[in-house]
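Just the heavy atoms: all of them, side chains too, but no hydrogens, waters or symmetry mates, feed the values below. Because the structure is predicted, anything quoted here is derived from the model rather than measured. Proteins come first, then strands; the chains are lettered A, B, ... in the order of their sequence lines, and each starts at number 1.
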Amino acid sequence: MPTPRRYWLMKSEPDSFSIDDLARVGTEPWNGVRNYQARNHMRQMKPGDGVLFYHSSCPVPGIAGLATVATEAYPDPTQFDRKSDYYDPKSTREDPRWSLVDVKFDRKFASVLPLEEIKQHADALGDEFALIKRGTRLSVLPVTAAQWKTLLKLEPRA
DNA sequence: GCCAACGTTGGC
DNA sequence: GCCAACGTTGGC
């Protein structure tokens with residue numbers, strides 16, 4: 001039996017990589033994640049999983065569009081690159097510490113679904129939803145099928 | 001720019 | 001293994 005499709009939310013600062021950037025390149029290796037929980041989530045991903053593309057640290061933080069997981073997790077090459085900001089001297093090729101997946105553009109929302117509005121639906125989403133839980137800074141987090149459905153219903157139409 | 005929350009590092 | 005210091009995230 002095939003593994004059911006799962007859902008995730010991935011944060012990106014639009015100043016460095018936005019939904020428009022993803023639309024332009026089509027597919028992007030999600031490099032630079034240096035948090036174990038976020039990494040572990042990426043290691044669970046399967047091609048075809050749904051991704052909510054979230055803009056963080058910007059004037060209107062929120063969900064900017066949809067993407068799809070395009071690969072299984074594989075070692076993040078930037079961890080071996082001495083010139084990269086993401087270089088990790090403690091990681092080895094024999095035992096890579098950091099993983100990533102490729103993420104493929106699906107579509108851009110007509111406008112960003114603001115975090116502010118998402119928070120107003122905490123009842124439907126559940127207080128434990130990491131996106132709206134106070135103090136959670138996780139950049140890659142799981143989304144349940146019910147949460148996915150709820151959030152897509154909130155998608156701005158214009 | 002501020003600051004709360006959290007993760008990581010490193011001395012002991 | 002504890003915990004203080006430090007760095008980072010990310011909303012506001």
- Just how far, in rounded Å, is C1' of B:dG7 from CH2 of A:Trp98? 10 Å
- Query: Is it true that A:Asp88 and A:Arg34 make a salt bridge, defined as a side-chain N closer than 4.0 Å to a carboxylate O?
  - Reply: no
- Query: Could you give the CG-to-C1' distance, from A:Asp85 to C:dT8, as a whole number of Å?
  - Reply: 14 Å
- Query: Are OP1 or OP2 of C:dC12 and a side-chain N or O of A:Lys119 less than 4.0 angstrom apart?
  - Reply: yes
- Item | A:Glu117 CD to C:dG11 P, straight-line distance once rounded to whole Å | 16 Å
- Think A:Lys11 has a side-chain N or O under 4.0 angstrom from the OP1 or OP2 of C:dG10? yes
- Query: For the pair made of CG in A:Leu138 and P in C:dG10, what is the distance, rounded to whole Å?
  - Reply: 8 Å
- Message: Counting only side-chain heavy atoms from C-beta out, which of B:dT8, C:dT9, C:dG11 sits nearest to A:Tyr36?
- Response: B:dT8
- Task: Applying salt bridge (Lys or Arg N to Asp or Glu O under 4.0 Å), run through A:Asp21 and A:Arg24 and close with a yes or a no.
- Result: CA-CA 5 Å; A:Asp21 293 322; A:Arg24 189 167 39 76; 2.8 Å; yes
- Could you give the CG-to-P distance, from A:Asp88 to C:dT8, as a whole number of Å? 14 Å
- Message: For A:Ser18 and A:Asp20, which I'm curious about, is there any donor-acceptor pair between the side chains at under 3.5 Å?
- Response: no
- For B:dA5, take OP1 and OP2 only and decide whether either is under 4.0 Å from a side-chain N or O of A:Arg134. yes
- Task: Grab the CD1-P distance between A:Ile132 and B:dA5 for me, whole Å please.
- Result: 17 Å
- Using 4.0 Å as the upper bound for N to carboxylate O, is an ion pair formed by A:Lys46 and A:Glu72? yes
- Query: For A:Tyr54, which residues count as a ring pair (Phe, Tyr, Trp, His ring centres under 6.0 Å) partner, sequence neighbours excluded?
  - Reply: none
- Query: A:Trp30 vs A:Phe17 aromatic rings, parallel, tilted or perpendicular, using cut-offs 30° and 60°?
  - Reply: perpendicular
- Exactly one candidate in A:Leu9, A:Leu115, A:Val112 meets side-chain contact (heavy atoms from CB on, under 4.5 Å) with A:Ile63; the answer is A:Leu9
- Query: Just how far, in rounded Å, is C1' of C:dG11 from NZ of A:Lys133?
  - Reply: 17 Å
- Message: Can you list, in residue-number order, the parts of residues 51-65 of chain A that come under 4.0 Å of DNA chain B, counting heavy atoms only?
- Response: none
- Rounded to the nearest angstrom, tell me the gap between atom CZ in A:Arg137 and atom P in B:dC6. 8 Å
